[in-house]
Number of protein chains: 4
Amino acid sequence: MDTRDKILSAAQEVFSQNGYYTATMDMIAEKAEVAKGTLYYNFPSKVALFTEVIKEGFRYIAQRLMDIAYSEYTPDRQVLKCIEFFVDYCIENSSYVNILFFELSGGMDKEVREVADGLIADLAGIISNMLKEGMTYSVVRSMDADIASYTMLGAMQGVMGRYIRGKDKPDVKKVKENIGKLLSKGLLY
Amino acid sequence: MDTRDKILSAAQEVFSQNGYYTATMDMIAEKAEVAKGTLYYNFPSKVALFTEVIKEGFRYIAQRLMDIAYSEYTPDRQVLKCIEFFVDYCIENSSYVNILFFELSGGMDKEVREVADGLIADLAGIISNMLKEGMTYSVVRSMDADIASYTMLGAMQGVMGRYIRGKDKPDVKKVKENIGKLLSKGLLY
Amino acid sequence: MDTRDKILSAAQEVFSQNGYYTATMDMIAEKAEVAKGTLYYNFPSKVALFTEVIKEGFRYIAQRLMDIAYSEYTPDRQVLKCIEFFVDYCIENSSYVNILFFELSGGMDKEVREVADGLIADLAGIISNMLKEGMTYSVVRSMDADIASYTMLGAMQGVMGRYIRGKDKPDVKKVKENIGKLLSKGLLY
Amino acid sequence: MDTRDKILSAAQEVFSQNGYYTATMDMIAEKAEVAKGTLYYNFPSKVALFTEVIKEGFRYIAQRLMDIAYSEYTPDRQVLKCIEFFVDYCIENSSYVNILFFELSGGMDKEVREVADGLIADLAGIISNMLKEGMTYSVVRSMDADIASYTMLGAMQGVMGRYIRGKDKPDVKKVKENIGKLLSKGLLY
DNA sequence: CATGAATGAGTCTTCATTCAT
DNA sequence: AATGAATGAAGACTCATTCAT
């Protein structure tokens with residue numbers, strides 16, 4: 001693993017566990033086992049490093065979502081698959097997800113926020129297209145696909161946030177089923 | 001308005017616009033038009049002040065949710081009313097909502113996080129009870145009420161987050177309708 | 001007890017337990033059960049209050065030394081009596097003695113230092129005279145009485161400092177005997 | 001001279017002249033001709049820096065005392081040599097001695113106090129052993145060596161304190177002679 | 001390429017002191 | 001005589017960033 005990757009990997013971990021502001025370049029350098037100067041040799045600034053870490057995360061999620069979108073599954077199955085993937089991913093990368101979806105919001109450099117909002121928009125776009133596709137086949141209820149995609153994303157974040165930060169380990173299967181049921185069939189009869 | 005309230009109000013604004021870490025006590029003092037020392041005469045620390053700001057916000061939301069829960073509306077109407085209230089509240093207090101639901105997650109003092117998680121749990125509790133009540137009347141689909149309440153909360157946050165930070169003004173009515181539809185009837189036919 | 005005395009008494013205690021710099025006017029006000037403003041109504045400043053506390057302490061010690069100097073004891077007995085008094089006083093007022101003799105030295109306001117040095121000089125003067133008296137009767141060894149008085153004072157401080165700060169309770173009788181022996185007969189045969 | 005030493009040396013001077021609390025890190029940085037951050041790069045905190053300064057001083061004194069203890073002098077000559085060294089050292093390093101022996105007592109961080117008490121105990125231990133050695137040869141009067149060592153240390157501090165802070169330059173030779181006489185032969189005939 | 005010592009602007013926090021009541 | 005809310009100057013400490021090696 002080359003220096004750049006070592007740093008990126010250490011940064012991801014440190015940012016995840018501490019949040020952007022509490023994390024320090026010293027912590028990252030130590031975890032990456034390089035000198036602090038090396039951080040600046042490879043990345044122009046703390047924000048830039050953070051942005052890179054964020055990008056990597058979103059890139060991966062987007063990739064997986066695209067895999068589902070271009071799979072042979074029917075549109076309604078795709079939606080369910082997305083939820084399943086999300087729950088699994090959150091469980092496995094809880095603290096990383098935390099910075100990916102929450103940390104970004106408050107007091108962050110305007111530049112980063114724009115990058116992040118763009119990345120989230122990409123994610124929502126993928127889901128949105130998936131929903132639109134479903135609507136043309138009349139398996140997805142007709143509604144504003146953009147709003148729906150953000151609602152889905154938010155719903156998943158909300159539940160996961162609860163379990164990410166909570167003390168009690170989530171019952172993955174139950175969570176998947178319940179979010180799935182709620183989002184697919186709705187709260188009301 | 002007494003000093004304490006003046007500070008609290010200024011703090012809310014400054015924290016909302018800048019996030020916890022970027023906000024400084026100087027900024028708050030200036031906005032409140034008091035000396036920095038006065039901040040510390042009234043609140044022991046920055047975290048404590050922040051916590052108080054958070055508490056106030058959640059207290060208000062919880063109050064409004066309780067009003068709905070104890071209203072004469074049928075349980076299914078109550079759920080819809082919650083969503084409506086939330087959308088309206090978020091539109092009107094966008095940046096405040098931002099710190100209330102997002103800022104709290106990353107790198108924040110453990111103590112504050114616990115306080116906040118407790119407050120969010122209270123909110124979820126109110127919604128959860130509302131849903132359970134609806135289930136006994138068979139107007140709310142039978143499912144895990146806790147998971148559902150967090151999903152609802154999350155869903156609302158998610159959409160609002162999009163519009164809070166986005167450049168385009170949200171079409172309030174459309175948003176309400178669409179989240180309402182999604183959450184009540186579900187995505188799929 | 002009037003307000004002034006209540007403050008003086010509280011100040012003595014707070015300064016003794018915390019030292020001049022660590023002690024705060026708030027602590028003193030609280031201990032004295034008066035408002036902070038009252039402190040300033042009765043004393044112009046923290047230094048002034050401290051100086052007053054110091055003066056009281058030295059005044060008392062000087063008085064007791066004078067009592068011994070003007071007693072019917074022979075000059076050699078007087079010297080021993082001084083040592084005894086000192087040991088007893090230090091044991092009973094250890095933390096007060098601490099500020100009286102040690103705190104005063106470092107980084108203290110020049111004004112206070114001068115006051116304190118004057119007060120210590122007074123003490124030394126009393127002892128010095130006692131020694132001179134003894135020299136005229138040839139019961140005290142002929143030497144520079146000023147140097148000797150400071151040596152005595154210092155010796156007593158040194159031993160007491162050890163026991164004041166140490167964890168092990170001093171064996172008062174043994175300490176008195178040993179300092180007495182050393183100072184009266186000397187270290188060497 | 002490397003940075004660390006430059007800081008240590010500046011700190012010694014600044015602490016000596018001002019006392020722990022009145023001295024500021026800015027003053028030290030300025031005197032050392034380094035940026036304030038450099039202070040913290042080399043020492044974790046003000047207390048830590050102070051502690052280090054203290055340790056260095058005691059280390060030197062202990063070394064010199066050991067030299068005397070292991071010299072070829074007879075035990076009684078050693079005691080006298082100690083006194084001479086002390087007087088000389090105090091004259092030459094008056095303000096440093098001030099913090100070494102006085103500053104440490106009041107309101108100082110508990111940790112530092114423990115370190116310092118330990119260091120003073122070491123010094124007393126060296127002297128105590130010297131006295132015990134003398135007692136076995138019957139040239140030192142039989143008494144509690146621990147109490148005696150603290151008395152000696154205190155006596156020397158006391159006199160020196162007088163001259164350190166006093167306006168009149170001490171007559172070194174006279175002071176040495178008189179303390180020597182007092183401690184070796186005693187006050188009384 | 002990599003290093004790590006040095007930097008200094010920026011923050012939180014403390015606390016003696018003041019003054020209107 | 002007494003109060004206590006308000007003040008603001010001052011100080012310890014942090015940390016992203018730079019640069020000579």
Side-chain angles (χ1 to χ4, degrees), chain A residues 2-4 6-7 20-30 32-50 109, chain B residues 2-4 6-7 20-29 32-50, chain C residues 2-4 6-7 20-30 32-50 109, chain D residues 2-4 6-7 20-29 32-50:
Chain A
D2 75 343
T3 307
R4 200 189 137 87
K6 243 168 45 186
I7 293 173
Y20 179 74
Y21 287 102
T22 312
T24 70
M25 293 302 261
D26 283 274
M27 288 162 108
I28 296 170
E30 194 185 7
E33 291 176 318
V34 298
K36 218 199 312 194
T38 310
L39 260 38
Y40 285 89
Y41 185 78
N42 287 278
F43 299 89
S45 69
K46 188 188 181 186
V47 203
L49 176 52
F50 182 67
D109 204 281
Chain B
D2 76 343
T3 308
R4 199 190 138 89
K6 237 165 54 186
I7 293 172
Y20 179 74
Y21 287 103
T22 312
T24 72
M25 292 302 259
D26 282 276
M27 289 162 92
I28 296 171
E33 290 177 314
V34 297
K36 217 197 310 189
T38 309
L39 260 39
Y40 285 90
Y41 184 74
N42 286 279
F43 299 90
S45 69
K46 189 186 181 185
V47 205
L49 175 53
F50 182 67
Chain C
D2 75 342
T3 307
R4 202 189 137 87
K6 243 166 47 184
I7 293 173
Y20 179 74
Y21 287 103
T22 311
T24 70
M25 293 302 260
D26 282 275
M27 286 161 108
I28 296 170
E30 193 184 8
E33 291 175 318
V34 298
K36 217 197 312 191
T38 310
L39 260 37
Y40 285 87
Y41 185 78
N42 286 278
F43 299 89
S45 70
K46 188 186 182 187
V47 203
L49 175 53
F50 182 68
D109 203 280
Chain D
D2 76 343
T3 308
R4 198 189 139 89
K6 238 167 50 185
I7 293 173
Y20 178 75
Y21 287 103
T22 310
T24 72
M25 292 302 260
D26 282 277
M27 288 162 93
I28 296 171
E33 289 175 317
V34 297
K36 214 196 312 185
T38 310
L39 260 38
Y40 286 90
Y41 185 75
N42 287 277
F43 300 89
S45 68
K46 189 185 180 187
V47 205
L49 175 53
F50 182 68

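Order of the sequence lines fixes the chain letters, A, B, ..., with proteins taken first and strands second; residue numbering starts at 1 for each chain.
- The same atom, P, is picked in dT21(F) and in dC1(E); the two are 23 Å apart, to the nearest Å.
- The interatomic distance linking N42(B) (CG) with dA6(F) (C1') rounds to 9 Å, in whole Å.
- Counting to the nearest Å, the C1' atom of dG4(F) and the CD atom of E30(C) are 14 Å from each other.
- As a whole-Å value, the separation of F43(C) CZ from dA2(F) P is 11 Å.
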Run the numbers on T22(D) and Y21(C) for side-chain contact (heavy atoms from CB on, under 4.5 Å), then give the verdict. CA-CA 9 Å; T22(D) 310; Y21(C) 287 103; 3.1 Å; yes

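- Residues F43(A) and R4(A) share a closest heavy-atom pair of CE2-NH1, 3.5 Å.
- Base pairing of dC15(F): its partner is dG8(E), meeting the Watson-Crick or G-U wobble criterion (both donor-acceptor distances under 3.5 Å).
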Counting primed atoms, P, OP1 and OP2 as sugar-phosphate and everything else as base, the B/S/- map of nucleotides 7-14 of chain F against protein heavy atoms under 4.0 Å is BB--SSBB

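- Atom CG of D109(C) and atom C1' of dA16(E) are 13 Å apart (whole Å).
- The nucleotide dA20(F) finds its pairing partner in dT3(E), both defining distances of the Watson-Crick or G-U wobble pair being shorter than 3.5 Å.
- The CD atom of E33(C) lies 12.0 Å from the CD1 atom of I7(C); values are rounded to the nearest 0.5 Å.
- Atoms CE and CD1, from M25(A) and I28(A) in turn, are 5.5 Å apart once rounded to the nearest 0.5 Å.
- No donor-acceptor pair under 3.5 Å is formed between the side chain of K6(D) and the backbone N or O of V34(D).
- Here the CG-OH distance, from D109(A) to Y20(A), works out to 6.5 Å after rounding to the nearest 0.5 Å.
- Computed from coordinates, the I28(A) CD1 to dC15(F) C1' distance equals 12 Å when rounded to whole Å.
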